[in-house]
Amino acid sequence: MAARQHPVLDTPPLAQWGLGLAEPLLIAGPCSAESEDQIMTTARALAKDGRARIFRAGLWKPRTRPGQFEGAGNAGLNWLRRVKEETGLLTATEVATPQHAEACLNAGIDVLWIGARTTPNPFSVQAIADAIQGVDIPVLVKNPINPDLQLWIGALERLHRSGIMKLAAVHRGFSWFERTPYRNSPMWEFPIRLKAAHPGLALLCDPSHISGVTDGIGSVAQRALDLGFDGLMVEVHHDPGVARSDADQQLTPEAYHTLLEQLIFRTAAPTADMHDQLEELRDLIDQLDEEIAQKLGSRMDIAERIGDHKRAHNVAIMQPERWERIMQRQLRLAEHLGLSPDFVREFMDAIHRESIRRQTGIPEDMEAKGSLSYPQIGPKG
Ligand code: PEP
Ligand code: MN
């Protein structure tokens with residue numbers, strides 16, 4: 001068999017990172033380091049709760065527009081050092097340039113992460129990978145801001161090739177052009193596909209950046225735990241109302257405590273043997289099948305409403321041009337996702353038939369007897 005060009009990443013599980021970490025790994029702390037007081041107050045509260053093992057705080061903040069708070073920078077390194085000395089929490093921060101990475105190594109930061117705006121840039125990721133080549137430091141890689149699995153994997157591979165073995169991926173949702181109930185759409189299929197391609201890679205979820213508001217954090221976090229994620233990174237600020245970045249999505253230490261009380265953590269930690277991996281992958285398939293069924297259900301409900309609307313306005317149920325556009329869009333998407341066009345055509349045709357049946361209100365058994373047939377629409381290739 002030909003050698004795989006992109007081998008499965010062999011990364012040690014969290015428990016073997018030599019940091020005393022266990023699953024689920026809980027990382028918590030403010031979006032940005034703002035002042036020594038803010039950092040110490042938040043860290044002390046988290047240490048008192050005792051469940052988060054790693055304290056996160058952004059020192060260099062990538063802001064969409066200039067003129068906003070861009071982080072405390074190097075000054076914050078000393079605050080994080082103090083957190084570690086006084087509370088025993090491990091520390092983590094975002095690095096976007098080789099200079100950031102070097103400053104963190106010199107300051108004894110325990111864990112680095114690459115942010116969603118840096119992961120998509122292979123030059124930046126490579127420059128960071130070169131700066132920390134061969135250093136025994138864990139790096140967390142957030143998904144790229146755009147839904148592109150290959151960029152996410154590519155960033156992990158660049159670090160791995162630099163000898164960084166202690167790697168984890170962080171799912172923080174994707175920017176999407178349509179309105180969704182999230183700040184960043186979770187598109188769970190991406191982390192699931194990442195896990196399927198690299199089963200040993202630790203996978204964490206950042207429900208704060210997915211949700212964008214404190215209310216949604218619990219359900220996103222629970223979903224991640226149900227999908228077998230290995231831990232959570234949550235934004236916690238001692239006084240979110242005055243936070244200088246991401247104020248809407250930061251929990252107080254008390255609310256974080258309540259969140260952890262309410263979440264249902266899986267009791268048995270999966271071991272690394274083949275059988276468990278197979279079970280884990282089957283669980284993921286079951287979850288995805290459920291999601292597909294739910295989405296199909298919603299799609300048919302909406303189709304029925306469109307049917308009512310068309311009837312009320314005397315419009316034909318069949319709209320071949322509209323269907324042609326839908327099919328073309330799906331075929332483009334399919335190509336991007338590596339799905340075969342024949343499969344997508346057949347699948348979409350079946351959806352279309354059911355959708356028209358629901359719009360016309362024809363009972364299922366009539367269709368089964370072959371009393372109706374629908375033309376196959378869309379290009380055949
Ligand atoms: C952050 O963690 O505060 C952050 C900037 O996240 P992301 O890179 O996921 O947007
Ligand atoms: Mn943030």
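Counting convention: from 1, in listed order, for ligands and their atoms alike.
- The proximity of Glu94 to ligand 1, defined as any non-hydrogen pair under 4.0 Å, is limited to the side chain.
- Looking at Glu235 next to ligand 1, an N or O pair under 3.5 Å apart turns up.
- For His209, the N, O or S atom closest to the Mn ion (ligand 2) goes by the atom name NE2.
- Set against the non-hydrogen atoms of Lys61, the atoms of ligand 1 under 4.0 Å away are 1 (C), 3 (O), 5 (C).
- Listed by number with element, the atoms of ligand 1 under 4.0 angstrom from any heavy atom of Arg172 are 7 (P), 9 (O), 10 (O).
- Closest protein heavy atom to atom 6 (O) of ligand 1: Lys142 NZ, 3.0 Å.
- Heavy atoms of Cys31 approach ligand 1 to within less than 4.0 angstrom.
- For Glu235, the N, O or S atom closest to the Mn ion (ligand 2) goes by the atom name OE2.
- Within Asp246, OD2 is the N, O or S atom that lies nearest to the Mn ion (ligand 2).
- Using a 4.0 Å cut-off between charged side-chain N and carboxylate O, Arg56 and Glu94 make no salt bridge.
- For the residue pair Glu291 / Gln287, no side-chain donor-acceptor distance below 3.5 Å is found, with atom types taken as modelled.
- Where the criterion is an N or O separation shorter than 3.5 Å, residue side chain and backbone included, Ala116 meets it with respect to ligand 1.
- The residue from Asp206, Asp215, Asp246 that alone fulfils the salt bridge (charged side-chain N to carboxylate O under 4.0 Å, His left out) condition with Arg183 is Asp246.
- When only interatomic distances are considered, the shortest N/O to N/O separation between Arg56 and ligand 1 falls below 3.5 Å.
- For an aromatic pair to be called close, the ring centres must be under 6.0 Å apart, and Phe55 with Trp79 fails this.
- For atom 1 (C) of ligand 1, the choice among His209, Gln249, Arg183 with the nearest heavy atom turns out to be His209.
- With hydrogens and angles disregarded, a donor-acceptor distance shorter than 3.5 Å links the side chain of Asn184 to the backbone of His209.
- In the model, Glu235 has no side-chain atom that pairs as donor or acceptor with a side-chain atom of Gln250 under 3.5 Å.
- Counting only N and O atoms by type, the side chains of Asn106 and Glu102 include no donor and acceptor under 3.5 Å apart.
- For the residue pair Thr180/Ser185, the side-chain donor-acceptor check at 3.5 Å is not satisfied.
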